[in-house]
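Shown next, in structure tokens, is the structure this report addresses.
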Amino acid sequence: MSVFTVENPATGQVIAEIADGTPADAVAAVDAAAERLPEWSALAPRTRSELLTRVRELMLRDAGDLARLIARENGKSLADARGEVTYAAEFFRWYAEEAVRPHGEYGPSPAGGTRTIVTHRPVGVAALVTPWNFPAAMATRKIAPALAAGCTVVLKPAAETPLTALAIARLITEAGIPDGVVTVVPTTDAAGVVTAWLEDPRVRKISFTGSTGVGRLLLRQAADRVVNTSMELGGNAPFIVTASADLGAAVEGAMLAKFRNGGQACTAANRFYVHADVAAEFTARLGARVEALRVGPADDGHDIGPLISARALTGVTRLVDDAVARGAVIAHRAPAPAGAGHFYPPTVLTGLGADDPLLAEEIFGPVAPIVVWDHLAGLLAAVDNTEYGLAAYVFAELAEALRIAESLDAGMVGVNRGLVSDPSAPFGGVKQSGLGREGARAGLEEYLETQYFSVAW
Ligand code: NAD
């Protein structure tokens with residue numbers, strides 16, 4: 001059996017060695033999921049609901065350990081890791097509640113000669129593939145609705161952060177959910193494992209969270225067997241501030257939308273568009289907050305951790321250096337530690353043109369580029385000029401903010417708020433940011449097929 005190592009991105013130290021899953025292991029996981037499917041899907045919804053409730057209780061019991069584990073393998077601050085555990089556990093509560101609320105229909109056909117019954121059934125064995133940036137929440141946002149719907153699952157976590165998924169799987173077992181209902185397959189051979197799943201006729205669903213590039217690849221592969229797909233992909237969120245905005249709220253929102261998780265979030269504000277009347281004040285106030293950020297390994301003294309890898313650090317460094325070479329200015333910056341960790345200094349960039357190439361890239365780091373605008377029509381055209389359409393943020397007097405929000409090509413808009421993630425709300429994007437939704441009732445429907453009976457009368 002070969003193994004691979006997991007490193008702490010704050011220190012470069014190896015924190016674990018784990019078995020490296022093979023395509024054969026992937027098939028064995030499907031064997032287990034397929035064997036368990038009839039029994040799991042036939043359980044009373046109330047029983048499944050109570051098991052999900054128990055998983056949440058266990059996650060909250062172990063919240064401190066889970067947060068430390070997330071912080072060690074992902075690098076995020078302890079405060080961010082604690083927030084992620086609470087958010088991740090909440091999906092088990094929400095879907096424990098949804099599990100017992102089936103939706104169906106019964107009624108006469110228009111001509112009156114038949115009755116129509118509409119019901120829903122679990123889609124079957126679901127393959128789940130998750131990224132490293134929220135190692136707990138991206139897993140539970142899929143596992144909880146899949147189990148509530150009556151599906152069994154196989155999960156491939158990112159190779160950078162497999163330990164959190166394994167810890168959650170242990171709690172799922174401790175809660176009393178039978179072995180084989182959820183199997184985690186960590187691997188460095190992502191393509192081999194996921195291809196084995198997509199080629200297996202027993203796998204009826206793939207739910208993927210990650211980059212748009214890999215999402216496109218999996219959509220092509222899924223096409224061969226017409227596998228049901230849900231795709232949560234990349235983003236390029238605009239953060240719009242108008243002259244009517246409450247600047248205190250806008251700066252607070254910017255800190256959350258940009259610097260939570262060190263900017264490594266698909267919903268991270270990626271480009272700031274600030275009205276000329278308030279740009280100087282907004283930039284100064286945001287800059288003061290950014291300069292006060294404490295960057296370092298995850299402990300209570302630090303707000304921001306390292307980027308996930310040396311490659312990520314090189315990528316963010318190159319994006320900023322190129323922008324500066326084109327004339328952008330590093331207006332504010334917090335110090336970041338040197339050494340083995342992949343730390344990037346939180347940075348506010350000004351002096352960018354509205355067509356600067358940086359604004360087209362998903363930065364995935366603690367960098368806030370600010371563009372100044374003064375004509376709304378031009379702003380809105382620039383904002384939607386992207387292949388992405390995941391999140392957006394608008395700070396303005398409420399009616400103005402809602403008018404702008406309604407006009408944006410985005411799946412989610414934070415209106416005078418810097419956070420859109422909420423288990424009770426449908427999370428997802430338009431355009432090349434994805435297909436389908438997670439969270440809310442919609443997140444359960446991703447794991448259900450509709451079936452109807454036409455009844456002779
Ligand atoms: P990634 O696409 O590189 O990896 C995501 C997952 O796909 C990992 O588990 C990885 O091992 C796997 N993978 C990689 N290549 C594969 C292949 N050829 N076949 C099968 N699986 C493969 O993304 P990442 O770097 O881990 O995560 C960052 C990206 O995820 C960003 O673009 C971010 O916006 C996006 N993201 C989106 C959401 C959302 O809800 N829309 C949430 C978090 C992250």
Side-chain angles (χ1 to χ4, degrees), residues 4 6 9 20-21 23 26 73-74 76 84 87-88 91 127-142 154-162 164-165 184-199 203 206-222 227 229-237 260-270 307-309 311-312 315-316 361-365 386-392 410-412 420-423 425-439 442-443 446:
F4 69 101
V6 182
D20 198 355
E73 67 173 351
N74 166 284
K76 68 178 68 180
E84 181 181 348
Y87 173 55
F91 286 101
L128 316 178
V129 181
T130 53
W132 48 264
N133 63 342
F134 291 92
M138 296 303 95
T140 62
R141 201 165 76 173
K142 298 184 191 302
V154 290
L155 167 73
K156 193 207 81 60
E160 294 87 344
T161 58
T164 304
V184 176
V185 184
T187 182
T188 54
D189 181 12
V193 162
V194 178
T195 299
W197 287 343
L198 285 172
E199 287 178 348
V203 173
I206 177 147
S207 177
F208 171 75
T209 298
S211 60
T212 295
V214 174
R216 278 190 205 107
L217 193 81
L218 298 184
L219 280 168
R220 278 190 213 109
Q221 279 187 276
V227 176
T229 59
S230 298
M231 294 279 147
E232 295 286 348
L233 308 178
N236 180 5
R260 187 177 63 105
N261 231 32
Q264 300 178 107
C266 53
T267 52
N270 204 50
L307 299 180
I308 188 68
S309 63
R311 194 162 146 254
V316 175
E361 303 270 351
E362 192 178 23
I363 301 173
F364 242 59
T386 164
E387 71 192 26
Y388 296 113
L390 191 63
M412 302 173 280
V420 291
S421 305
D422 179 341
F427 188 107
V430 300
K431 297 200 277 186
Q432 295 187 40
S433 286
L435 298 169
R437 293 293 180 271
E438 290 190 323
E446 301 282 322

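Basis for what follows: all heavy atoms, side chains included, without hydrogens, waters or symmetry-related copies. Remember, it's 1-based here, ligands and their atoms both numbered in the order they're listed. Bear in mind that the values here come from a model prediction, so they are computed numbers and not experimental data.
Closer than 4.0 angstrom to ligand 1 by heavy atom are V129, T130, P131, W132, N133, M138, R141, K156, P157, A158, A190, A191, V194, F208, T209, G210, S211, V214, L217, L218, E232, L233, G234, G235, C266, E362, F364, L390, F427, sorted by chain and number.
The closest side-chain donor-acceptor pair between T164 and E73 falls under 3.5 angstrom.
Closest heavy-atom contact between Q264 and L307: OE1-CA, 3.5 Å.
Between the side chain of S230 and the backbone N or O of S207, no donor-acceptor pair lies under 3.5 Å. Looking only at distances, no side-chain donor or acceptor of R220 sits under 3.5 Å from a matching main-chain atom of G215.
Of the residues K156, K142, M231, E232, the one that meets the side-chain contact (heavy atoms from CB on, under 4.5 Å) test with F208 is M231.
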Full working for side chain to side chain donor-acceptor pair (under 3.5 Å) between N74 and T161: CA-CA 6 Å; N74 166 284; T161 58; over 6 Å; no
